[in-house]
There are 2 protein chains.
Amino acid sequence: MSQDGVGIDLEASVGYALKEASSALRTAMEEVLRPLGMNVTHYSCLELLAQRPGLSNSELARGAFVTRQAMNVLLQTLERDGYVTRPDAAPVGRALPTRLTPRGRRRLEKASAAVRTVENRMLAGINDTEQALILRALRQMTQSLHETTGPTNP
Amino acid sequence: MSQDGVGIDLEASVGYALKEASSALRTAMEEVLRPLGMNVTHYSCLELLAQRPGLSNSELARGAFVTRQAMNVLLQTLERDGYVTRPDAAPVGRALPTRLTPRGRRRLEKASAAVRTVENRMLAGINDTEQALILRALRQMTQSLHETTGPTNP
DNA sequence: TGACTCATGTCAACAGTATGACATAGATTG
DNA sequence: CAATCTATGTCATACTGTTGACATGAGTCA
């Protein structure tokens with residue numbers, strides 16, 4: 001169509017649309033989280049801990065799509081401010097299981113409500129069957145990308 | 001299902017799946033662009049210029065989802081290295097129309113081919129009708145998020 | 001047992017990007 | 001026409017996250 005011999009047609013590119021949507025989602029989330037003094041990584045960390053208590057620093061990093069070094073400094077802040085706790089010594093191996101404090105849970109509740117409104121707005125014009133289809137497709141895409149990229153890179 | 005009273009079920013969240021896919025795409029792109037000495041913003045800038053020559057710094061920034069300040073420093077590098085050119089004075093207003101040099105176009109060709117393989121891999125298990133559906137849905141989601149967020153923020 | 005591999009936590013240095021601020025050009029409005 | 005508003009380019013600064021490196025704990029295998 002508007003192809004020009006070189007390059008990828010951005011208007012028709014699923015990749016570009018994906019980045020567009022993801023960027024809009026991140027911006028919208030940051031907008032509602034800012035008044036609560038949080039950013040997206042912040043929130044992701046607490047949300048992960050609520051659903052899977054005892055996650056280690058490295059596991060949290062993977063779940064929030066940042067490096068374990070970045071998650072480490074975040075956890076130090078969250079721990080200092082009393083939102084999460086980690087044991088002084090590792091019960092097994094080197095992994096320190098992290099848990100939400102009651103204070104952290106209260107903080108998360110506000111943030112989670114805000115994020116939920118964003119996700120609802122995002123999905124406003126899309127019915128349930130379409131949502132299920134999109135979810136399946138996004139998972140498929142993620143898996144395809146990881147297959148020849150991440151774990152076993154020939 | 002795995003809902004816990006507080007929080008959003010990450011396993012069932014379209015937002016999380018979106019972030020997952022977007023993160024996997026970015027990682028895969030960075031992997032193939034690194035050998036060429038480029039990153040994603042780098043590539044996005046050149047790709048935008050190939051399709052819409054004469055774009056200004058601010059327009060490029062919006063297209064690549066970064067601030068105009070970030071795009072500005074990138075453009076200075078690209079200009080210094082001879083991949084793009086900008087007139088010394090603005091023909092109208094303050095906007096400086098940017099263009100690819102032949103050298104920049106050659107550079108883009110390599111990068112674009114690499115990125116195309118990534119996008120193809122991502123869409124491997126998804127047929128054309130599904131792709132069209134996803135494209136439509138992603139656009140819809142982006143638009144819904146911008147409606148009450150970006151331009152006119154009540 | 002000892003050597004190897006792998007994952008983890010953490011430190012230091014670096015890169016990329018965002019935030020804040022300012023001056024300038026054009027459009028809008030009274 | 002003058003005042004105001006909006007968009008742009010660019011600087012200086014701060015922050016967030018990445019890359020690179022190291023030591024430690026736990027499995028694996030000969």
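Letters A, B, ... are given to chains in the order of the sequence lines, protein chains preceding strands, and every chain is numbered from 1. Worth saying up front: this structure is predicted, and the values here are computed from it rather than measured. Worth knowing before you read on, the calculation uses all heavy atoms, side chains too, and leaves out hydrogens, waters and symmetry mates.
- Mapping A:Val92 and A:Val66 onto DNA chain D by nearest heavy atom places A:Val66 closer to the 5' end of the strand.
- Taking atom CE of B:Met71 as the reference point, atom P of D:dA7 lies 19 Å away to the nearest angstrom.
- Side-chain atoms of B:Glu47 never come within 3.5 Å of backbone atoms of B:Ser112 as a donor-acceptor pair (strictly under, hydrogens ignored).
- Put simply, the side chain of A:Arg94 and the base of D:dA23 share a donor and an acceptor less than 3.5 Å apart.
- Rounded to an integer number of Å, the gap from B:Leu96 CG to C:dT24 C1' is 12 Å.
- Here C:dT17 is the nucleotide among C:dT17, C:dG9, D:dT18 with the atom lying nearest to any side-chain atom of B:Val73.
- As rounded to whole Å, 13 Å separates atom P of C:dC11 from atom CG of A:Leu75.
- Using a cut-off of 4.0 Å between Lys/Arg side-chain N and Asp/Glu carboxylate O, A:Glu109 and A:Arg105 are scored as not salt-bridged.
- In the interface, the side chain of B:Gln69 is paired with the base of C:dG20 through a donor and an acceptor atom under 3.5 Å apart.
- Using a 4.5 Å heavy-atom threshold, the side chains of B:Met29 and B:Glu119 count as separate.
- Each of B:Arg68 and B:Leu74 was matched to the nucleotide of DNA chain C holding its nearest heavy atom; the match closer to the 5' end belongs to B:Leu74.
- Among the nucleotides D:dG17, C:dG9, D:dT10, the one closest to the side chain of A:Ser58 is C:dG9.
- In this structure, A:Ser144 contributes its side chain and A:Gln140 its backbone to a donor-acceptor pair below 3.5 Å.
- When the P atom of D:dG9 is taken as reference, atom CG of B:Leu55 falls 10 Å away, rounded to whole Å.
- Distances shown here put a side-chain N or O of B:Thr41 below 4.0 Å from the OP1 or OP2 atom of C:dT17.
- No donor-acceptor contact under 3.5 Å links the side chain of A:Gln76 to the base of C:dG9.
- Mapping A:Arg26 and B:Asn72 onto DNA chain D via the closest heavy atom, the residue that lands nearer the 5' end is B:Asn72.
- Proximity of A:Arg62 to the phosphate of C:dT8: a side-chain N or O atom is located under 4.0 Å from OP1 or OP2.
- Atom pair B:Leu60:CG and C:dT17:P shows a separation of 14 Å (rounding to whole Å applied).
- With D:dT18, C:dT8, D:dG9 as the choices, the nucleotide that has an atom nearest any side-chain atom of B:Asn57 turns out to be D:dG9.
- Between the C1' atom of C:dT19 and the CD atom of A:Glu31 lies a distance of 15 Å, rounded to the nearest Å.
- Using a 4.5 Å heavy-atom threshold, the side chains of B:Leu78 and B:His42 count as touching.
- Looking at heavy-atom distances under 4.0 Å, A:Thr67 makes contact with a base.
- C:dG16 atom C1' lies 15 Å from atom CE of B:Met38, rounded to whole Å.
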